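What you are looking at is a predicted structure, and each value in this text was computed from that prediction instead of being measured. Just so it is clear, the values below take in all heavy atoms, side chains as well, and ignore hydrogens, waters and symmetry mates.
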Amino acid sequence: MKKKILQSFSIVILISIVILFIGIGNGKDASGFEGYYEYPDTKGMSDLLIFSKCRIPEDTLKVMTDEQLVQAVLDFPRLMNIRFSPIADYDLESLKRNSDAYNELISRAGAKDALFTRFKQLRDNEERTDDETMTLYDLYDILLHERSFRGTFSEEEMEYLDSWS
């Protein structure tokens, strides 16, 4: 009898640890989303499958900060394919169709500021890596070609962007 109770208790503890581990691994706690969203491994998948597997749950999107959404956009698995397309407006339309993080971000009032802040952080880092330089290009394209941002930049912001290109 004691052995069965001990086994049952051990199973309950093990299940609790697994649930706790899964919650921490996803960056979630009782107060909302923490850390950065991690997309699933998409190696060897078709674009269609990647886009369906890389959906972010609505409840997660709503609690993510603007900065977390910027990172999720930059981490989007097919951003590189979009990056190398010759037509920037088409690239953003593809991003809008396939990235939940991008859509959530641009629906927020602070989207431009969050993207611009990240751009400035990377641009001002003289020791940035090649990957960070590519990220700068992504941010630059998004800032200049996102229709909802057009006409919203101050003269100083435009000079700052133009001085990098």
Side-chain angles (χ1 to χ4, degrees), residues 15-125 128-150 152-153 157 161 164-165:
I15 290 171
S16 298
I17 290 171
V18 168
I19 290 171
L20 179 62
F21 180 77
I22 290 170
I24 291 171
N26 288 334
K28 296 178 185 177
D29 68 10
S31 65
F33 187 84
E34 292 182 6
Y36 294 110
Y37 187 79
E38 289 188 39
Y39 290 102
D41 183 14
T42 59
K43 290 180 182 143
M45 290 184 190
S46 69
D47 280 353
L48 189 58
L49 186 57
I50 288 170
F51 296 144
S52 68
K53 292 282 185 186
C54 292
R55 294 289 179 202
I56 301 175
E58 187 74 22
D59 59 332
T60 300
L61 287 168
K62 294 299 179 195
V63 296
M64 290 173 75
T65 65
D66 292 350
E67 293 76 19
Q68 289 169 323
L69 288 168
V70 167
Q71 188 61 48
V73 169
L74 296 173
D75 290 342
F76 188 67
R78 279 298 181 244
L79 186 61
M80 185 178 292
N81 288 14
I82 294 166
R83 174 189 300 153
F84 292 113
S85 174
I87 307 167
D89 286 341
Y90 175 79
D91 301 344
L92 289 183
E93 290 306 314
S94 177
L95 197 57
K96 286 178 186 177
R97 278 193 312 275
N98 298 299
S99 172
D100 300 319
Y102 186 76
N103 288 315
E104 178 64 26
L105 179 63
I106 64 170
S107 74
R108 296 184 182 186
K112 184 193 85 171
D113 292 335
L115 288 160
F116 195 79
T117 297
R118 185 62 177 278
F119 179 84
K120 284 176 25 179
Q121 290 169 344
L122 288 173
R123 183 181 183 267
D124 294 343
N125 178 6
R128 67 180 165 266
T129 65
D130 290 342
D131 284 344
E132 290 171 328
T133 299
M134 292 307 294
T135 298
L136 265 174
Y137 283 109
D138 295 333
L139 289 165
Y140 182 81
D141 282 345
I142 291 169
L143 285 165
L144 289 184
H145 295 100
E146 171 51 49
R147 289 186 182 115
S148 65
F149 299 158
R150 291 182 184 165
T152 65
F153 290 101
E157 289 171 327
L161 285 168
W164 181 73
S165 66

Locate the shortest heavy-atom distance separating [X] from [Y]; write the atom from each residue and the value.
| X | Y | value |
| --- | --- | --- |
| C54 | T42 | SG-CG2, 3.8 Å |
| L49 | S52 | O-OG, 2.9 Å |
| E67 | Y36 | O-CE2, 4.3 Å |
| L69 | E104 | CD1-CG, 3.6 Å |
| Y39 | A72 | OH-O, 3.0 Å |
| R55 | S99 | NH1-N, 4.3 Å |

Do [X] and [Y] make a side-chain contact, defined as non-hydrogen atoms from C-beta onward lying under 4.5 Å apart?
| X | Y | answer |
| --- | --- | --- |
| P57 | Y37 | yes |
| T152 | F149 | yes |
| L139 | L74 | yes |
| F119 | I142 | no |

Spatial distance of atom [atom1] ([X]) from atom [atom2] ([Y]) [nearest 0.5 Å]:
| X | Y | atom1 | atom2 | result |
| --- | --- | --- | --- | --- |
| E146 | D141 | CD | CG | 12.0 Å |
| D66 | I106 | CG | CD1 | 12.5 Å |
| Y140 | L122 | OH | CG | 15.5 Å |
| F76 | N98 | CZ | CG | 5.0 Å |
| R128 | D130 | CZ | CG | 10.0 Å |

Salt-bridge criterion met for [X] and [Y] (N-O under 4.0 Å):
| X | Y | value |
| --- | --- | --- |
| E93 | R97 | no |
| K120 | E157 | no |
| E132 | R118 | no |

Got more than 12 heavy atoms from elsewhere within 6.0 Å of NZ, K96?
->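 More than 12 heavy atoms, drawn from other residues, nucleotides or ligands, come within 6.0 Å of this atom.
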Do other residues, nucleotides or ligands put more than 12 heavy atoms under 6.0 Å from the CG atom of D124?
->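 Enclosed: over 12 neighbouring heavy atoms sit under 6.0 Å from CG of D124.
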Main chain of [Y], side chain of [X]: is a donor-acceptor contact present, judged purely on distance under 3.5 Å?
| X | Y | value |
| --- | --- | --- |
| D100 | I56 | yes |
| R123 | L136 | no |
| K53 | P40 | no |
| T117 | A114 | no |

Can you name the one residue among D75, L105, T65 that meets side-chain contact (heavy atoms from CB on, under 4.5 Å) with V70?
->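 When D75, L105, T65 are each tested with V70, the side-chain contact (heavy atoms from CB on, under 4.5 Å) holds only for L105.
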